[in-house]
Amino acid sequence: MSFAFRQFQSQTTSAHLAQTMALLTLTSAELRQKIDAELANNPALELLEERTCPTCHRPLPPHGHCPVCSRPSSNAADEPIVFISPREDFFAGSGSGTSTEDMPEDNTATATEDLPTYVLRQVAPELDPQDRGLAAYILTHLNEDGLLTTTPLEVARYHHIPLSRVQNIISIIQHADPVGVGSACPEEALLVQLDILAESCEIPPYTREAIEEGLNLLSRHQYQELAHQLKISLTQTKEIAAFISENLNPYPARSHWGDSRDPGNAAMQVFHHPDIIINYLNDQPGNPLMVEIIMPLAGTLRVNPMFRQALRQAEENKMEDWKNDLERASLLVKCLQQRNNTMKRLMQRLVVLQRNFIINGEASLVPLTRAVLSKELEVHESTISRAVAGKAVQLPNKRMIPLSMFFSRNLNIRSVIKEIIERENRPLNDSELVRLLAKQDINIARRTVAKYRAMEGILPAHLRQIPGSSTT
DNA sequence: CTATGGCACGGATT
DNA sequence: AATCCGTGCCATAG
């Protein structure tokens, strides 16, 4: 008896563990799918309409956060507020507000899909069937920046079709999600992005001209020169530069739009919606941080009590199935709680450790490994890995970054290099950078500096001269 | 000759 | 066990 019980116990816990692990890896969008699927074919599971806070189980105002959990705790002002935030609206199919083009976003391959496939799936519906192959062909000729490695003319010649048709297809491709993808050069990509942006917001005058005629000057920060060429003021030129670096991206495949350059790994991961949102309480900088862990559900998930009752009067042959359903349902609910709990503890600690990073930006990132954190939280390191992988975070400045960036070992160094180079007027070579970095207690090899510099998309010293009269 | 980028190796991380 | 990362060595461009 006791043996049987123990066996039962260990079975459930191992299943429990396995499923918690599985749930932990899922992003909020994937979680939504999983739950939807489960709701659809498991009658024992029930979604209560009433919204209660998943953390403290108190009723929730219609569209607000939990009044208890999001209240600043009185004594510790620095303590971040971490809570699970039910945000079904994010996933309500008609998500038209966000930056993404409309996509059947409920598909499984969000994280690991490569760029050509990702784009092709967007453009396919807009194309004639016979043009789809052509689009696929074109998309195989993208470099890692999302730019074309061939020319429309070559494609047309190779396939013996009119140039205009190729151009037409490319134009459609360019308007797909990494906007500007499939352009021939950075200039073209920027112009496409500019066109799209122009529909929804104000653009500084002469931006187009600046891109067309002076991108070289622009990228070398030679504003004086550019202002002269465009016959506009220096202030205007700087405005344009700021606008471009803030809103446009010359290399569509490099994911980040917000800041100047793609930090993190060069892997392009397009995030549709965040899994975690970090903000100041009431949007007031200076207030404690408020961390929302997105739960893609509005109601409360639980085992249907009616089903439990019905089980008693079940027919013999169905009994087995029903029991099974019930088992699965309660397991899911438990595991979901477990997952939320883990995420909460993880973020709680993470936000404390990386507070400066969240507030002040990349340079303040503290080097941190998953192993260290796993020890602190007393969980297995693979748990942290799973929890972190593939998740997106929205920072208070509205930038979207992968959660894994919190564990980046070199991001802070890279941003220091970026700062140094931006501030200096004389182009510094890599060895000089090594020396400057050493002064800030950053000791890395010359070769490594070169690599970081490249990662930041910064040209080598001899190519960013100031007095270079190089025209395009 | 100097500054960089490529390749590949060993150690750390996941 | 697989992957990532920093680095040293070497080839190459200027």
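So you know, we letter chains A, B, ... as the sequences are listed, proteins then strands, and number each from 1.
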Rounded to whole Å, please give me the gap between [atom1] in [X] and [atom2] in [N].
| X | N | atom1 | atom2 | result |
| --- | --- | --- | --- | --- |
| A:Arg414 | C:dG6 | CZ | C1' | 13 Å |
| A:Asp430 | B:dG6 | CG | P | 13 Å |
| A:Arg446 | C:dT7 | CZ | C1' | 10 Å |
| A:Asn429 | B:dA3 | CG | P | 5 Å |
| A:Ile413 | C:dC5 | CD1 | C1' | 11 Å |
| A:Ile417 | B:dT4 | CD1 | C1' | 14 Å |

Quick check against the 3.5 Å criterion: does [X] have a side-chain atom that pairs as donor or acceptor with the backbone of [Y]?
| X | Y | result |
| --- | --- | --- |
| A:Asn412 | A:Leu365 | yes |
| A:Glu188 | A:Ala184 | yes |
| A:Gln394 | A:Pro274 | no |

Can you name the side-chain contact (heavy atoms from CB on, under 4.5 Å) partners of A:Gln348, sequence neighbours left out?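 Scan of A:Gln348 (side-chain contact (heavy atoms from CB on, under 4.5 Å), adjacent residues dropped) gives A:Glu79, A:Pro80, A:Val82.
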
Ignoring backbone atoms, establish whether A:Tyr452 has a side-chain N or O less than 4.0 Å from OP1 or OP2 of C:dC5.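 Answer no for this pair, as no side-chain N or O of A:Tyr452 is under 4.0 Å from OP1 or OP2.
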
Indicate whether OP1 or OP2 belonging to B:dG5 is found under 4.0 Å from a side-chain N or O atom of A:Arg453.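 Indeed, a polar side-chain atom of A:Arg453 lies that close.
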
Within the 4.0 Å heavy-atom criterion, would you say A:Ile444 contacts the bases, only the backbone, or no part of the nucleic acid?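 Result for A:Ile444 = sugar-phosphate.
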
Would you call the rings of A:Tyr137 and A:Tyr158 parallel, tilted or perpendicular, where under 30° means parallel and over 60° means perpendicular?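 Ring orientation, 0 to 90° scale: parallel.
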
A:Arg414/A:Glu362 salt bridge by N-O under 4.0 Å criterion: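 Judged by the 4.0 Å cut-off on N to carboxylate O distance, A:Glu362 and A:Arg414 do not form a salt bridge.
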
Using a strict cut-off of less than 4.0 Å between a Lys/Arg side-chain nitrogen and an Asp/Glu carboxylate oxygen, indicate whether A:Asp195 and A:Arg208 qualify as a salt bridge.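 A salt bridge links A:Asp195 with A:Arg208.
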
Which nucleotide, C:dG6, B:dG5, C:dT7, lies nearest any side-chain atom of A:Asn410?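 Closest of the options to the side chain of A:Asn410: C:dG6.
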
Within the modelled atom types, does a donor on one side and an acceptor on the other bring the side chain of A:Arg447 and the base of B:dG6 under 3.5 Å apart?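 It does, because a donor-acceptor pair links the side chain of A:Arg447 to the base of B:dG6 below 3.5 Å.
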
Can you check each nucleotide of nucleotides 8-14 of chain B against protein heavy atoms at under 4.0 Å and return B for base, S for sugar-phosphate only, - for none, in 5' to 3' order? B----SB

